[in-house]
Each structure stands twice: as structure tokens, then as C-alpha cells.
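Report on the structure given below.
Naming convention: chains lettered A, B, ... in sequence-line order (proteins, then strands); numbering from 1 in each chain.
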Amino acid sequence: MKAFVRQKGLVAPLDRANVDTDLIIPKQFLKSIKRTGFGPNLFDELRYLDEGYPGQDCSNRPINPDFVLNQPRYEGASVLLARKNFGCGSSREHAPWALEDFGFRVIIAPSFADIFFNNAFKNGLLLIQLDEATVDRLFDAVEQTPGYRLDVDLIEQKIMTPEGETIGFEVDAFRKYCLENGLDDIGLTLTDNSHAIREFETRHRAAQPWLFRGA
Amino acid sequence: MAGQTLYDKLWASHLVSSRDDGTSLIYIDRHLLHEVTSPQAFEGLRLADRRPWRIDANIATADHNVPTSLKERSAGIAGIEDNVSRIQVQTLDDNTTSFGIETFGINDVRQGIVHIIGPEQGATLPGMTVVCGDSHTATHGAFGALAHGIGTSEVEHVLATQCLIQRKMKNMQVRVEGQLGPHVTAKDIVLAIIGEIGTAGGTGCAIEFAGSAIRDLSMEGRMTICNMAIEAGARVGLVAVDDTTINYVKGRPFAPTPEQWDAAVESWRSLVSDDDAVFDKVVTLDAATIEPQVSWGTSPEMVVGIHDSVPDPSQATDDTTQRGITRALEYMGLHAGQKITDIQLDRVFIGSCTNARIEDLRAAAAVVEGRQVAGSIKQAMVVPGSGLVKRQAEQEGLDQVFRDAGFEWREAGCSMCLAMNADKLGAGEHCASTSNRNFEGRQGYGGRTHLVSPAMAAAAAIAGHFVDVREFVDTPAPARRVAGL
Ligand code: SF4
């Protein structure tokens with residue numbers, strides 16, 4: 001996974017609550033057995049005027065000019081500004097894969113769905129939860145200011161706005177550590193905990209043998 | 001010290017280690033795998049040269065992509081006409097074969113939707129931790145098991161370490177007290193709950209469903225409720241263990257052996273929240289006031305009773321909600337104030353991990369029996385949740401009831417719940433669906449989903465539009481045979 005330390009990125013506003021994972025990446029693209037290549041189909045039903053199918057060349061498809069990510073002023077955006085309950089719905093990790101593949105590294109919203117939140121951090125995305133009032137203010141600022149960029153600093157846990165304002169944010173110590181270092185948590189679990197897992201397993205098997213087949 | 005909730009107990013009994021910031025490692029007893037969210041995890045495992053930690057904890061089946069027509073199914077994996085789907089199903093088969101994971105193949109009678117077959121096989125047991133790369137894993141919480149959906153990176157983590165990195169959630173209790181009206185079902189309860197607390201109402205929480213109306217439900221009804229905990233924003237839904245739970249589990253293939261049984265039951269008896277347990281949030285509903293529910297919009301919280309009307313965006317309390325309603329009405333092709341009973345339907349889908357168990361099919365068949373699907377309905381289909389549910393229904397003659405009425409009777413799978421196979425809605429079509437999500441495009445590009453109970457879907461199929469199943473069943477069917485004649 002890509003490490004994230006600090007980035008100054010163009011902000012794209014997606015002014016819609018409860019953006020679900022079906023909207024982020026429609027199910028027909030879930031048939032892929034790969035982890036990459038989902039970017040062209042991010043928000044497929046909003047971005048294009050036709051129905052997409054897996055493996056297709058998206059460069060000739062009719063695009064929806066009204067959709068925010070199709071507007072030239074947001075081209076190259078790496079910070080997505082969203083509304084509450086972003087990422088609700090299914091557990092598909094294809095959603096963060098698509099967002100990351102498209103070029104997003106940071107998503108800011110008043111709230112996120114739990115599974116999506118977890119999945120995103122495991123794929124190098126930084127999700128920042130800010131209160132509604134701050135998010136509202138950012139939406140206004142982005143709309144009014146072409147080329148609006150936010151400087152997001154994970155180490156300091158701060159966002160610097162072009163107006164010179166500093167907005168602090170929370171992030172779990174463990175998630176921060178993995179993201180900063182681009183670490184795969186499976187390796188970490190195995191190095192730090194193999195012994196503890198084996199011990200737990202032995203006790204657990206003795207107490208509830210029916211949880212283990214062939215026990 | 002205050003008592004523990006059921007969730008607290010399950011968490012404590014699976015905690016392997018935890019860090020200062022609350023990040024914890026919890027042990028996983030059961031891991032269910034399917035074709036959509038596992039290929040990248042197996043690939044990751046191979047690339048890192050890792051082996052699964054404990055093979056016997058895993059069970060796999062293909063469900064999301066499998067065709068439901070007998071023609072395609074009878075030829076096995078090779079018969080899947082869609083190339084991309086076939087490769088994905090084949091990949092699951094290859095992966096599970098090479099790692100030695102028990103798999104219910106596409107023509108195995110035990111094949112079905114993961115959340116239906118786990119409980120059916122007794123592979124979901126009280127006191128377990130159960131995970132699957134699918135958000136509706138919440139279903140298994142009906143057994144007093146800690147069950148939740150995970151992403152693909154977590155699938156790989158569980159395969160490699162038998163553990164999951166988690167933070168403890170908050171405790172929420174939803175109490176449903178009193179008696180349900182006739183023909184009002186578990187599905188109506190859970191839709192009413194979501195209508196009340198919203199799709200983010202349970203975010204960050206494990207929801208325990210309690211109260212007399214929940215206790216009175218069968219295991220299947222409890223599964224329907226826990227299944228949709230995720231639509232209420234909660235990864236975890238739970239119901240405490242009681243005799244209903246224990247009786248359901250007994251004798252199933254993966255259940256404890258006769259020698260283990262008494263010890264197992266004794267340990268399961270403690271899987272209830274203590275009387276003095278404290279919940280962070282409590283919501284109470286009166287079962288008697290719950291009407292048969294119908295969703296009108298593009299989020300499961302956009303739901304009303306059958307005698308209500310589609311809401312008016314101008315009545316909304318804030319801007320975001322108002323825009324949400326306006327956009328939903330536009331997508332759904334409905335107008336403010338339109339009566340729910342005036343919504344004309346194009347298709348009817350009875351199936352999914354929410355409502356494709358035997359009791360669901362019985363409830364639908366009871367409404368359908370002796371009646372005909374309305375001529376205006378293009379397609380009405382019943383997709384049993386597993387091969388075993390299908391076989392049971394056929395033994396009871398339910399398939400004939402459905403076929404006689406004009407329904408299609410299909411092979412088990414997720415089918416039109418998410419339309420990854422050939423079963424889908426056309427653009428603009430309205431569907432009465434017993435599934436769990438009404439998101440834009442969920443059941444097909446441009447498709448319009450209305451979530452309802454199996455009985456309500458059945459009644460809608462006959463009428464061609466939504467009707468109150470309670471009034472409907474009181475009117476004798478024109479061609480119904482009278483018992484004994
Ligand atoms: S039936 Fe629907 S909700 Fe359930 S697992 Fe399948 S696709 Fe997911």
C-alpha cells in the first residue's frame with residue numbers, strides 16, 4: 001500500500017448524502033479478479049450517460065457534463081469532499097480501489113460508513129471526519145474558488161486551507177502508523193502476535209471444542 | 001460494575017490482544033467465502049507466500065454471480081454463459097481446491113447464498129465470531145454470534161492470521177415490544193426500524209434486537225432482522241440466545257456432536273445481555289403500530305407504511321434531506337403525495353439473503369395460492385436461498401403453487417438482489433423486491449426497487465400494484481379450491 005504523509009491536493013465536491021458503494025462502483029465491475037483498473041468506472045452511473053460493462057474502453061463513452069468529476073476545473077483532484085454517511089452499503093473493497101485508482105488520496109465528510117472506513121485505510125486512503133458546519137464551509141469555499149486546494153498533513157493531523165485556516169482532525173494511532181509507513185497489517189499481525197494467537201487458539205479449543213471441526 | 005451486554009461478552013471471549021489506542025486483535029471462528037470478494041485475497045496470500053492459518057474455519061460457495069436458470073446451471077461452471085462471471089466462479093473453485101477449503105460447488109444441493117447456508121448447515125453457531133467479505137454477514141448475529149462483513153484486505157488477513165484487527169463498537173439496543181398485527185412480518189419490523197433511525201442510525205454500533213416481538217420471532221425472522229442491521233448503519237446485529245436458537249441448531253451437520261451438545265448448550269445459555277447492562281443508545285418501537293412497509297426511494301430509510309404516500313420534499317427539515325428526496329423521486333419516477341398503492345409494478349422478485357428461506361416462500365405461496373400474477377407484470381420470480389430450501393419447497397409443493405400462478409421458479413443464488421447475473425431490471429422498471437437494498441442501479445441500470453416482505457411482494461404480483469396484504473388475503477381467491485371438496 002502507498003504511504004501517505006502530506007499532500008496538497010485539488011478538492012472536488014460531491015454534494016450528496018448517503019453515497020453508497022453501488023454508486024461508487026456498480027456491481028458489474030465486481031466481476032474482476034484483479035485489484036486494479038477500477039478508476040475509469042468510479043461513479044460509473046453518474047459519470048457516463050450509457051450503461052458501462054467490464055473490460056470496455058471508457059474513452060469513447062458519452063460523458064455526463066453535469067457530473068462534478070467531469071468538470072474541467074476539478075480535473076486531477078485528489079481530495080474528495082463529501083456529505084454524511086459516505087460509503088454506505090456493501091463491503092466491496094472495489095470502492096476504495098476505484099477511488100484510489102482514480103487518483104483520490106483524501107476523503108473529507110461529516111461521517112463515513114464503518115466497513116468502507118476500514119477498507120479505505122487499508123488501501124492508502126486517508127478519511128477525515130469533520131463536523132457538518134466545517135464541511136459546509138468547505139463546500140462553499142470550493143464552489144467559490146476555482147483551483148481550491150487543501151494541504152493535508154497526516155503527521156501533524158492538520159488541514160491547511162488557502163485562506164490560512166488550520167483544521168485539526170482525529171485519526172487512530174494504529175491506522176496513522178500503517179498509513180504513514182505504507183504497511184501491510186498482515187505482516188504486522190504475524191510478527192507481533194503469532195504466539196498470542198496460538199495461545200488463544202489452544203485455550204479456545206479446550207473451552208469450546210465444537211467450534212473446531214474434527215476436534 | 002455494570003453488567004455486560006451480549007456484544008461485550010462476545011468481544012471479550014475473542015480478544016487476543018489489544019493496543020493502547022484500542023486497536024484489538026480478535027479471533028475468528030468461522031470464515032465464509034464467496035467468489036466476488038475473495039480472488040484478490042487469495043492472490044495476495046500467494047504473492048506473500050502465506051498459507052491459511054486454519055483451513056477448517058473456512059467454508060466457500062459461489063452465490064453472487066451464478067446463473068439461476070436450470071439450463072445454465074445444469075452444465076456446472078462451464079455452463080455459465082457470461083465469460084467474466086464464469087472466470088470468477090472458476091477462480092473461487094481453483095483457489096479453494098488448491099488450499100483445501102470446503103466448498104459447496106455450484107451443483108451441490110448445499111450451495112446457496114452464504115448467509116443462508118451458514119445457518120442451514122449449523123456452520124453458524126451461538127458464541128462464534130463469523131466473518132465474510134459481504135456486508136450482510138450481520139445475518140448470523142441472529143444466533144448470538146458476533147458476525148460482520150469485511151473487505152477483501154480483511155478476508156486476506158483472516159485467511160492468513162485467523163484474526164481481525166478491530167476496534168470495539170458501541171452498544172445499541174433496539175427494543176420491539178408487543179404483538180405484531182396479522183401478516184406483519186420480521187421484514188416490516190426491520191424496515192420500520194430503519195425508517196425510524198435512518199441508514200446511519202447504527203453507525204459505529206453493534207445493535208442488539210430485543211423485546212417481546214423479537215423473542216416471538218422464529219430463527220428465520222430473526223435472521224431477516226439482523227440481515228438488515230447493515231442498512232441501519234450497523235455492521236453487527238444481534239439477538240440473544242434462547243430455546244428457539246438452540247432448537248434450531250440441534251442436529252445440523254456442523255452442529256456440536258451429541259457428546260459435546262450439553263456443554264455447548266450450557267455455554268450458550270450465557271449469551272444474553274445482563275439485566276444491568278448499559279447500552280450507549282436505546283430505541284423502542286411498538287410492534288402493534290407497525291404496518292406492512294414499502295420503500296419508495298433510493299435508500300432503505302425512505303420507507304413508509306402501505307397506506308401512506310410518497311413524501312413531499314418541500315416538507316423536509318433541512319437542505320440535504322430535501323435534495324435527497326427530490327433526487328430520489330426523480331430517479332424513481334414518482335411524485336410527491338402519490339399513494340403507495342398507486343405504484344404500478346413491472347417485476348416482482350422474491351429472493352435474497354433477507355427473505356429466501358423456507359418460511360418466506362411459505363408466506364408468499366400462501367398469498368399466491370389459487371391466484372394469478374397480473375397481466376401487467378412482465379416477470380415474477382422466486383429464487384430460493386439455497387439448494388436445500390429449494391428442495392424443501394418442492395417437497396411441500398410450493399414450487400407448483402408459484403408456477404401455477406405464473407411465477408418463474410429458479411435455482412439458488414443472489415440473482416436479482418444485485419443483478420450481477422442475467423436477472424435484472426430494465427431502466428425505469430418498478431420492482432417489488434424482498435431484498436435489502438434499493439440503491440440506484442442496484443437491481444439493474446435505471447431499475448427502481450421497492451423493498452417489501454415476501455407476503456407483500458406476492459400480493460403485489462397478483463394485483464399488479466402495491467396492496468395491503470391484510471385486506472388482500474381476506475378476499476377469497478377466485479379459483480381457490482375449498483378444503484375438503
Ligand atoms: S442476496 Fe443480495 S444482499 Fe445477500 S449476499 Fe447476495 S447480493 Fe448480497
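When heavy atoms are compared at a cutoff of 4.5 Å, B:S85 approaches chain A by way of both its backbone and its side chain. Residue B:H148: no heavy atom, backbone or side chain, is found under 4.5 Å from chain A. For A:S194, the parts lying near chain B are the backbone and the side chain together; criterion is any non-hydrogen pair under 4.5 Å. For B:I150, the part lying near chain A is the backbone, with the side chain staying farther off; criterion is any non-hydrogen pair under 4.5 Å. At a 4.5 Å heavy-atom cutoff, the contact between B:T320 and chain A is made by side-chain atoms alone. For B:T199, the parts lying near chain A are the backbone and the side chain together; criterion is any non-hydrogen pair under 4.5 Å. Proximity to chain B (any heavy atom under 4.5 Å) is restricted, for A:F112, to the backbone atoms N, CA, C and O. Using a 4.5 Å cut-off between heavy atoms, B:W53 contacts chain A through its side chain alone, with no backbone atom that close. Neither the backbone nor the side chain of B:D20 comes within contact range of chain A; no heavy atom of the residue lies under 4.5 Å from a heavy atom of that chain. Interface residue A:K34: only backbone heavy atoms are found under 4.5 Å from chain B. At a 4.5 Å heavy-atom cutoff, the contact between B:S13 and chain A is made by backbone atoms alone. Contacts of B:E301 with chain A are made by side-chain atoms alone, with heavy-atom separations under 4.5 Å and no backbone atom involved. When heavy atoms are compared at a cutoff of 4.5 Å, B:S153 approaches chain A by way of both its backbone and its side chain.
Ranked by heavy-atom pairs under 4.5 Å with chain A, the list B:S299, B:G151, B:G149 is led by B:G151. Ranked by heavy-atom pairs under 4.5 Å with chain A, the first of B:G44, B:P256, B:G198 is B:P256. For the options A:S111, A:A95, A:G187, A:G89, heavy-atom pairs under 4.5 Å to chain B are most numerous at A:G89. Chosen from A:E199, A:E45, A:M1, the residue pairing most often with chain B at heavy-atom distances under 4.5 Å is A:E45. Counting heavy-atom pairs closer than 4.5 Å to chain A, the top-ranked of the candidates B:E440, B:H157, B:H64, B:Q166 is B:H157. Most heavy-atom pairs under 4.5 Å with chain A, from the set B:L125, B:I165, B:V155: that is B:I165. The greatest number of non-hydrogen atom pairs below 4.5 Å with chain A, out of B:G324, B:A255, B:G204, is found for B:G204. Interface summary for chain A: among B:T257, B:L15, B:T321, B:T161, the most heavy-atom pairs under 4.5 angstrom belong to B:T161.
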Original post:
Should B:Q88 and B:N65 be marked as a side-chain hydrogen bond (donor to acceptor under 3.5 Å, both in side chains) after you check the CA-CA gap, both sets of side-chain angles, and the distance that decides it?
Top reply: CA-CA 8 Å; B:Q88 205 173 47; B:N65 261 310; 2.3 Å; yes

**OP:** Show the numbers, then the answer: is there a side-chain hydrogen bond (donor to acceptor under 3.5 Å, both in side chains) between A:S91 and B:D134?
**Re:** CA-CA 5 Å; A:S91 65; B:D134 188 280; 5.4 Å; no

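Between B:D82 and A:K31 there is a salt bridge, since at least one side-chain N of the basic residue sits less than 4.0 Å from a carboxylate O of the acidic one. In summary, A:D136 and A:R83 engage in a salt bridge, as defined by a charged side-chain N under 4.0 Å from a carboxylate O. Using a 4.0 Å cut-off between charged nitrogen and carboxylate oxygen, A:D153 and A:K158 do not count as a salt-bridge pair.
Under the side chain to side chain contact (heavy atoms under 4.5 Å, CB included) rule, A:L14 has a single partner from A:L81, A:L80, A:L69, A:L23, which is A:L80. Among A:D172, A:D185, A:D192, the single residue meeting the salt bridge (charged side-chain N to carboxylate O under 4.0 Å, His left out) criterion with B:R19 is A:D192.
Aromatic pair A:F43/A:F67: centroids less than 6.0 angstrom apart. The ring of A:H204 has its center closer than 6.0 angstrom to the ring center of B:Y27.
By the neighbour-count criterion of 12 heavy atoms within 6.0 Å, atom NZ of A:K176 is densely surrounded, having more than that number from other residues, nucleotides or ligands.
Atom CG of A:L211 and atom CD of A:E201 lie 11.0 Å apart (nearest 0.5 Å).
Between the side chains of B:Q443 and B:T449, a donor-acceptor pair is found at a separation under 3.5 Å.
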